[in-house]
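Reading through the structure tokens given below for one structure.
None of these values were measured; they are calculated from a predicted model. Counting from 1, the numbers follow the sequence of the chain as shown. Remember, it's 1-based here, ligands and their atoms both numbered in the order they're listed.
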Amino acid sequence: TFNPPADSILWRPDFLLGAATAAYQIEGAAQEDGRLPSIWDTFSATPGKVLHGDTGEIACDHYHRWESDIDLLASLNVDAYRLSIAWPRVMDEAGRPNEAGLAFYRKLLQRLKGKGIRTSVTLYHWDLPQHLEDEGGWCNRATAYRFAEYADLVSRELAGLVDFWSTLNEPWCSAMLGYGTGHHAPGRSDLRAANAAMHHLLLGHGLALRALRRNDPASSKGIVVNVGRGTTDGPTRDDERAAELFELQHNDWVLDPLLRGQYPARLYEELWPGARPDIAEGDMAIIGAPLDFIGINYYFRTNVRSDGAGGYVEVPLADVERTQMGWEVYPDGLSDLLVAFDRRYPNLPPVYITENGMASDDAVIDGAVVDDQRIAFLNRHLAAVDEAVRAGVDVRGYYIWSFLDNFEWAFGYERRFGIVHVDYTTQQRTPKRSAELVRDFLARRRERG
Ligand code: GBH
């Protein structure tokens, strides 16, 4: 069941409960209406990069099914929907607007508005135009300025249709997985490149924020970051330190520049000497400009121990509950991190949980999908949000990742995060039991007024 306690923040009509997606993961139509290739088209077409050789070529075919998809979303009674705009759809190589691409997002947002669904739009959910990667991608400082131009264009075109703008989704993943480990597009593995990419992503964020403020003053503006909980089961002080380094590397690396206007000193003094990026005069002030909100994506906890050489290694815990991704179900990590951020950053803006959810591969039987593990997962993580709220953290909304099963990046279509099941042969959508319970809860909340 899905029945939050009477004192849960979920019952408040102004607490937003929604679902999230991202352009490359659902849209398909990769070559239609003037869409340029992105780094994910290139990466997924490269053998060995994505499980089973899956690509986003068709995905959920949302580019053609957007009307019925929004109707389905609206039937779940959600307050809000988080989506992303594909940069390569809306701008050509010379930086001129692509009207067909813009028209798609305009009608999509208008339909959402018409249904009374609040819109939360991310400008960059990992699909960099390939031609910019060919010029160095995020390692090239110029990309930050191209991103600001894109933000300027889109916010002029779509002003008034967006309630919440996010500049970037998870810059840590773009920088580290894209340029540091090579698990994501563009698939480079060089720690210095990852640090340069992070700096230019954050600079791009700050520059884009200025454009958004100029063009769409009434909307709320922020950024979405992924955060990780690092703990240790090791006995030594070095193991404790390893867990701290894990969080330093995942969380502080991104949050400190955004909320304190500086990179954590230990990052380049202890963890990665030699990887410090070039920082121009004035950059940190642009990056650290005030935000209207911060989006937090939380999934799991990582257990680490000291590697004996001043760093950390992951040591997976036995006998813990895991999801289809192999990720540990650990709701305490969400409340612990929210409280820790609230204490560390006195200027922490209002928080939205912009992603939380899990993958499971439940069968469709007689037109129904019983995803009991997901239902328990959502209940427990929402209880963790309540706990953080009780501890004083200003959390204002929660988006389930994801609305639909979709292209799960390097894991392709095998991993299913949706509260709505997608049959990739027929493109049939089937709301899972979790979606029905959310729908029923929101209907009850609306009745109470
Ligand atoms: C999000 O990424 C994405 O925004 C979304 O598009 C995606 O579909 C969804 O989550 C589900 O994956 O322990 O050092 O190996 C979350 C990406 C993956 C980031 C795990 C942190 C672990 C880093 N997270 N990753 S590490």
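For the pair Arg89 and Tyr63, the cation-pi criterion (under 6.0 Å, within 45° of the ring axis) is fulfilled.
Counting only distance, with no hydrogens or angles, the side chain of Glu247 and the backbone of Gly230 share a donor-acceptor pair below 3.5 Å.
Here Asp342 pairs with nothing under the salt bridge (charged side-chain N to carboxylate O under 4.0 Å, His left out) rule; sequence neighbours left out.
Applying ring-ring contact (aromatic ring centres under 6.0 Å, His included) to His184 and the options Trp138, Tyr179, Phe43, Trp126 leaves one that passes, Trp126.
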Per-pair distances, ligand 1 N/O vs protein N/O, less than 3.5 Å:
{"from": "ligand 1", "atom 1": "2 (O)", "to": "Glu170", "atom 2": "OE1", "distance (Å)": "2.8"}
{"from": "ligand 1", "atom 1": "2 (O)", "to": "Glu170", "atom 2": "OE2", "distance (Å)": "3.3"}
{"from": "ligand 1", "atom 1": "4 (O)", "to": "His125", "atom 2": "NE2", "distance (Å)": "3.2"}
{"from": "ligand 1", "atom 1": "4 (O)", "to": "Asn169", "atom 2": "ND2", "distance (Å)": "3.0"}
{"from": "ligand 1", "atom 1": "4 (O)", "to": "Glu170", "atom 2": "OE1", "distance (Å)": "3.4"}
{"from": "ligand 1", "atom 1": "4 (O)", "to": "Glu170", "atom 2": "OE2", "distance (Å)": "3.4"}
{"from": "ligand 1", "atom 1": "4 (O)", "to": "Glu355", "atom 2": "OE1", "distance (Å)": "3.1"}
{"from": "ligand 1", "atom 1": "4 (O)", "to": "Glu355", "atom 2": "OE2", "distance (Å)": "2.8"}
{"from": "ligand 1", "atom 1": "6 (O)", "to": "Gln25", "atom 2": "OE1", "distance (Å)": "2.8"}
{"from": "ligand 1", "atom 1": "6 (O)", "to": "His125", "atom 2": "NE2", "distance (Å)": "2.8"}
{"from": "ligand 1", "atom 1": "6 (O)", "to": "Trp409", "atom 2": "NE1", "distance (Å)": "2.8"}
{"from": "ligand 1", "atom 1": "8 (O)", "to": "Gln25", "atom 2": "NE2", "distance (Å)": "3.0"}
{"from": "ligand 1", "atom 1": "8 (O)", "to": "Trp401", "atom 2": "NE1", "distance (Å)": "3.1"}
{"from": "ligand 1", "atom 1": "8 (O)", "to": "Glu408", "atom 2": "OE1", "distance (Å)": "2.6"}
{"from": "ligand 1", "atom 1": "10 (O)", "to": "Tyr299", "atom 2": "OH", "distance (Å)": "3.2"}
{"from": "ligand 1", "atom 1": "10 (O)", "to": "Glu355", "atom 2": "OE1", "distance (Å)": "3.2"}
{"from": "ligand 1", "atom 1": "12 (O)", "to": "Glu408", "atom 2": "OE2", "distance (Å)": "2.6"}
{"from": "ligand 1", "atom 1": "14 (O)", "to": "His250", "atom 2": "NE2", "distance (Å)": "2.8"}

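With 3.5 Å as the limit, one finds a donor-acceptor pair spanning the side chains of Gln427 and Arg429.
Using a 4.5 Å cut-off on side-chain heavy atoms (C-beta onward), Asp216 and Leu161 make no contact.
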